[in-house]
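Shown next, in structure tokens, is the structure this report addresses.
Every number for a ligand or one of its atoms is a count from 1 in the order of the listing.
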Amino acid sequence: MLKKGNKLYSILTGSCPKCHLESMYTYKNPYRMGSLFEMQERCSHCKTKYKIEPSFFYGAMYVSYAVGIAFAVAAFVISFLLLKASIITAFISIVITLVVFLPVIIRLSRNIWINIFIGYDPEAAAH
Ligand SMILES: [Zn+2]
């Protein structure tokens, strides 16, 4: 279902948005302490420069609001609607979810952001 060539593949795996052949990040695990923002300068395969311009990834902050809200809604639906938790418990679970998934939310936002500007190029992946 999730194949190379699909934008979702790059977004969910953090791979190069152009060739999908390697990770943009120095360390794939977003929970590795201190290396959440460490990215490669450019793709070693297709030479795409990830940081298109200085402070390019500041824009990802706007995306992170939307991604954060999506996680909050999911936490609310699961705790309040599915598990029938009280409204207080539901809000606590939202806060815990946002804290626990913050590294994931930040990376997803960057991946979505860069995928808005750079699309998959089968040419780049083939070479
Ligand atoms: Zn690449």
Can I get a per-line list of side-chain donor-acceptor pairs under 3.5 Å for residues 51-77, giving both atom names and the distance, sequence neighbours left out?
residue, atom, partner, partner atom, Å
Ser64, OG, Met61, O, 2.6

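Surrounding CG of Leu82 are more than 12 heavy atoms belonging to other residues, nucleotides or ligands, all under 6.0 Å away.
For the pair Arg107 and Tyr25, the cation-pi criterion (under 6.0 Å, within 45° of the ring axis) is fulfilled.
By the criterion of a separation under 2.8 Å, the protein N/O/S atoms near the Zn ion (ligand 1) amount to Cys16 SG, Cys19 SG, Cys43 SG, Cys46 SG.
Under 3.5 Å, the side chains of Glu22 and Ser44 contain a donor-acceptor pair of N or O atoms.
Using a 4.5 Å heavy-atom cutoff, the side chains of Cys16 and Arg42 are not in contact. Taking 4.5 Å as the limit, every side-chain heavy atom of Thr26 sits out of range of all side-chain heavy atoms of Ser35.
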